[in-house]
Amino acid sequence: MVEAERGSQHTTQLHRGVVEYCVLALLRSGETYGFDIVRRLSAVDGMVTSEGTIYPLLTRLRKDGHIRSTWRESSSGPPRRYYRLTEEGERALAQFQRAWVRFRDGVDGVLEGGGA
Amino acid sequence: MTGQLVDDYVGRLRRETTDFPRGDRREIVEEVEEHIREALAERPGASEADIRGALARIGEPAEIAAEARARLDIPTPRFGGMEIAALILLLWVSPAWTVREKLAGTLIVPGGLALPLTLLLVPSGRLICPRAGRLDAGPCRPSVSPTVETLIGALAVVLIVATIVTPVVLARRLRARTA
């Protein structure tokens with residue numbers, strides 16, 4: 001329990017690196033707004049420790065050209081920023097996915113005692 | 001009361017991000033405000049405890065600011081302008097020193113050894129690491145050329161000596177005058 005709490009307070013570099021691609025992957029199914037992104041990520045256990053930290057990440061991804069944001073009217077309340085994946089973002093995501101699968105399989109192999 | 005909780009929260013987030021580039025700051029603050037609006041719209045008539053819970057899930061403003069600094073490469077301010085202003089004010093208000101000495105103290109003492117030590121340590125220790133922390137990270141390179149580094153080093157040595165000598169001289173003169 002204590003271990004789990006410590007783990008959730010400390011956002012590791014690996015965690016940081018992975019979450020950003022999960023945001024890109026969410027946007028593959030179409031554009032959406034920040035609150036919705038956070039809610040869908042939060043549904044995955046251990047993915048989001050503090051909801052607000054996703055917003056600096058969205059700013060970063062937009063600056064990298066991996067996502068684009070546009071203002072859209074919403075049926076409920078004021079207009080919202082909607083985020084959508086760019087072609088550059090799609091390429092980065094595809095590249096990550098290949099690297100991730102290799103990495104994950106390798107790590108699993110080592111953890112399960114198979115070695116390299 | 002409940003509106004007050006949200007206002008306080010947003011105020012703290014603004015304070016944590018005062019030194020951010022203006023566009024980044026506005027975007028992050030607006031998005032967090034929008035997030036709070038959406039979260040509260042989901043439960044009309046939310047109690048004070050509900051709102052506190054929603055804000056706790058969003059995270060401490062300091063935590064969001066720290067994440068933004070890491071993600072957007074915004075450095076943490078080294079020392080506050082308020083501390084320096086207070087020191088200079090004390091120096092000039094004091095009757096103990098001449099105008100020339102006060103001038104020396106203003107230019108050299110503020111920031112103390114922090115400035116030269118920073119100059120000395122930061123350039124050689126700082127590496128530019130493209131896409132640091134990501135799986136596709138590039139190789140790290142020093143941020144300045146060796147020549148520039150040497151020059152900065154020499155300047156730092158001069159400043160270190162000056163910052164040690166100035167207060168000593170000022171203190172001695174003060175003692176001589178009060179004795």
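Here is the naming used below: chain letters follow the sequence lines, and residue numbers restart at 1 for every chain. Note that this is a predicted model, so its numbers are computed, not measured.
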Greatest number of heavy atom pairs closer than 4.5 Å to chain A - which of B/Arg69, B/Glu30, B/Glu60: B/Glu30

Toward chain A, the part of B/Ala39 with a non-hydrogen atom under 4.5 Å: both

Given A/Glu51, A/Arg62, A/Arg80, the one with more heavy-atom pairs under 4.5 angstrom with chain B than any other is A/Glu51

Which bit of A/Val48 is near chain B, if near means a heavy-atom gap under 4.5 Å: side chain, backbone, both or neither? neither

Between B/Glu31 and A/Arg81, is there a side-chain N and carboxylate O pair less than 4.0 Å apart? yes

Can a donor-acceptor pair be found, under 3.5 Å and without considering hydrogens, that links the side chain of A/His15 to the backbone of A/Met47? yes

Chain A interface, residue from B/Val32, B/Ile36, B/Asp24, B/Asp73 that has the most non-hydrogen pairs under 4.5 Å: B/Asp24

Where does the angle between the aromatic ring planes of A/Phe35 and A/Tyr33 fall among parallel (under 30°), tilted (30 to 60°) and perpendicular (over 60°)? parallel

May I ask you to decide if the ring planes of A/Tyr21 and A/Phe96 are parallel, tilted or perpendicular, using 30° and 60° as cut-offs? parallel

Lys/Arg-Asp/Glu bridge criterion (N-O < 4.0 Å) met for B/Glu34, B/Arg37: yes

